[in-house]
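Take a look at the structure set out below.
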Amino acid sequence: MTPRVRFAPSPTGNVHIGNIRAAIFNWLYARHEGGQFLLRVEDTDRERSTPEAIRTLLDVMAWLGLSYDEEPVYQSAQCARHMAAAEELVRQGHAFRENKEGKGECIVFRMPREGRVEYTDIVKGTIRKKAEDTQDFVIVRSDGNPVFHLANVIDDIDMRITHIIRGDDHVENTFKHIQIFRAMGVEPPQYAHLPMIVNAMGKPYSKRDGAAFVGEFRDQGFLPEALFNFLALLGWAPGEDREQMTRDEMVAMFTLDRCKSSAARFDIKKLTWMNGEYIRRLPPADFMAEFKARVKAGGYWREDLPPAERDGIAALVQPRTKFYSEIPGNCTYFFTEDYAFDARSVEKRLKPEGVPELLEAVVARFEALPAFDHATTEATLRAMGDERGVGLGGMVHPVRVAASGLSDGPGLFELLVLLGCPRACARLRRVVARLREGTL
RNA sequence: GCGCCUAUCGUCUAUCGGUUAGGACAUAGGGUUUUCAUCCCUAGAAGCGGGGUUCGACUCCCCGUAGGCGCGCCA
């Protein structure tokens, strides 16, 4: 029998990072085992389960590449089936009607009165509980609607789910669930409860800890591959010190018995590092697509940019980008003459005595150059640095700040060549003028 | 309160009774580079406490301690 697993979120408009991690583990397990990964939308809460919320859920799944194998099941459509099951349970004596607190008649499921209830969790081992520590629970509300436990189990039966991989917060529910399975005459599936993801304080990860929803990571410019890789490593380690892996590699190595059972802290620094790794390895065309979109959104994009210049800029920005939302903030000077000057850099590199004269001298030499390329610009500044006894650095720093407004970024000569001689010299001249006016 | 679960560097983790307890992120220092990023090198950094079992415990058992989860006519 091939394994069938499912991701069963309730669509609330945002998909929490902990939730999607469960989806990832289910997906990896299914793909590793050659089984099926199914999606069940638990949309019984009609208020929150709006079409937009469902849309968001599907978008997030697609973004992360969490492909599912059959048409999604919408739980709201299964209500009649749930009720029929409840009636059956009453008929069999596994459940009974009761009017608690005068709210009207509801259906209560009977838990065992003696002995113990236990199951073997693939990641946590055997978990057991004395029957006396369990309690009967409502499966159909007095308003006639099935409760989560009932709906969840009946749907899992109907979908022929073989392995339930979900968050740790469900371990207690599992005692209830396996009893419903048995009462329905169905052998319970295998369970694997994943550790929770917690924040830097070790508390449950929430909105207050920064990005908590998948959409926020996407907006900040994290790559789905990086987020997927990072999340897969929270509670799972393939061994052999493997960390950065392709999706195929993860699929090949994923097993539930290598999952840990203790909570994992979400370390945004490591995610950021990993994202930088993924961005650096991106094919230039892929980077360009996002680069262009971000620059455009920032209002800096110029359609008239020659392709060579455009590609050159992206090539310089790509290796320095850790996440996309750094764009275009870290490279506006490529697109506009009205770039911002970093105050500390100006103070350190442009304010010292003699800088205007130095920049003027650079302009004079640059404009006399027969060719304006990496070799000639570097040779020029190197020679000037030697003549003045300030070294190459003494030339590069002021020129960089004048030309870009910043003291860090791509190599100066790459930058100058991309700007071209006329534009670069105009920038230096403008800086000289502003320094003399005292307007910088 | 009751029940269940968990416990290795600051963080993610490896270790399935015998290791100088390994790797990665982060941090610090150094090298390369015109800066930044990258890259390379180096350093510091861990088995919660107490009992057992064993020739030998991070590893198995028990007791503490701490934390998490659950105890809804929420999901």
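Values below: all heavy atoms of this structure, side chains included; hydrogens, waters and symmetry mates excluded. Sequence lines set the chain letters: A, B, ... in the order given, protein chains first and strands last, and positions in each chain run from 1.
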Report which part of the nucleic acid [X] touches: base, sugar-phosphate, or nothing (heavy-atom distance under 4.0 Å, all strands).
X	value
Ile127(A)	sugar-phosphate
Gly409(A)	base
Phe413(A)	base
Asp45(A)	nothing
Gly167(A)	nothing
Glu105(A)	nothing
Pro9(A)	nothing
Glu240(A)	nothing
Glu243(A)	base
Ser10(A)	sugar-phosphate
Gly393(A)	nothing
His149(A)	base
Ser261(A)	sugar-phosphate

Partner nucleotide, any strand, of [N] [Watson-Crick/G-U, under 3.5 Å]:
N	result
U19(B)	none
A28(B)	U42(B)
C60(B)	G52(B)
G47(B)	none
C4(B)	G68(B)
U35(B)	none
C74(B)	none

| said: Closest-nucleotide mapping onto RNA chain B: is Asn99(A) or Pro319(A) further toward the 5' terminus? I mean the 5' end. | reply: Pro319(A)

| query | Gly125(A) or Glu414(A): which one's nearest nucleotide on RNA chain B is closer to the 5' end? | reply |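 Looking at the nearest nucleotide for each, Gly125(A) comes out on the 5' side.
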
For the residue pair [X] and [Y], is the inter-centroid distance of their aromatic rings smaller than 6.0 Å?
X	Y	value
Phe254(A)	Trp236(A)	yes
Phe37(A)	Tyr68(A)	no
Phe217(A)	Phe222(A)	yes

Look at [X] and [N] and indicate whether a side-chain polar atom (N or O) is within less than 4.0 Å of OP1 or OP2.
X	N	result
Lys100(A)	C73(B)	yes
Arg128(A)	C4(B)	no
Arg141(A)	A75(B)	yes
Arg258(A)	U15(B)	yes
Lys270(A)	A26(B)	no
Arg400(A)	C36(B)	no
Lys129(A)	G70(B)	no

| task | Examine the base of G70(B) for any acceptor or donor lying under 3.5 Å from a partner atom in the side chain of Asp169(A), and report the outcome as yes or no. | result | no

| field | Base of C12(B) paired with side chain of Arg265(A) (donor-acceptor, under 3.5 Å) | value |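 Per atom types, no contact qualifies.
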
Parallel, tilted or perpendicular: rings of [Y] and [X] (30°, 60°):
X	Y	answer
Phe287(A)	Tyr324(A)	tilted
Tyr29(A)	His163(A)	tilted
Tyr205(A)	His16(A)	perpendicular
Tyr191(A)	His193(A)	parallel

Nearest-Å distance for atom pair [atom1]/[atom2], residues [X] and [N]:
X	N	atom1	atom2	answer
Trp273(A)	U13(B)	CH2	P	15 Å
Ile139(A)	A75(B)	CD1	P	13 Å
Arg242(A)	G23(B)	CZ	P	17 Å
Ile268(A)	A24(B)	CD1	P	21 Å
Phe148(A)	G70(B)	CZ	P	12 Å
Ile327(A)	A37(B)	CD1	C1'	13 Å
Phe228(A)	C12(B)	CZ	C1'	17 Å
Leu233(A)	G23(B)	CG	P	17 Å

Measuring only the [atom1] atom in each nucleotide, how far is [N] from [M]? A whole number of Å is fine.
N	M	atom1	answer
G47(B)	U19(B)	C1'	14 Å
A46(B)	U54(B)	C1'	25 Å
G50(B)	C55(B)	C1'	23 Å
U32(B)	C25(B)	C1'	23 Å
A7(B)	U15(B)	P	13 Å
C69(B)	G52(B)	P	35 Å
C5(B)	C62(B)	P	11 Å
C61(B)	U53(B)	C1'	7 Å

Which of the following nucleotides, [options], is nearest to the side chain of [X]?
X	options	answer
Lys322(A)	U38(B), U13(B), U11(B)	U38(B)
Lys124(A)	C5(B), C2(B), A75(B)	C5(B)
Asp267(A)	C25(B), C39(B), C4(B)	C25(B)
Lys269(A)	A37(B), C25(B), U13(B)	C25(B)
Ala237(A)	U13(B), G3(B), G10(B)	U13(B)

| request: Start with the C-alpha distance between Met395(A) and Val362(A), add both sets of side-chain angles, then the distance that settles side chain to side chain contact (heavy atoms under 4.5 Å, CB included), and finish with yes or no. | output: CA-CA 9 Å; Met395(A) 301 302 298; Val362(A) 170; 3.6 Å; yes

| request: Kindly indicate whether the side chain of Glu337(A), heavy atoms from C-beta on, has any atom under 4.5 Å from the side chain of Arg430(A). | output: yes

| message | Any non-hydrogen side-chain atom of Val123(A) less than 4.5 Å from a side-chain atom of Lys260(A)? | response | no

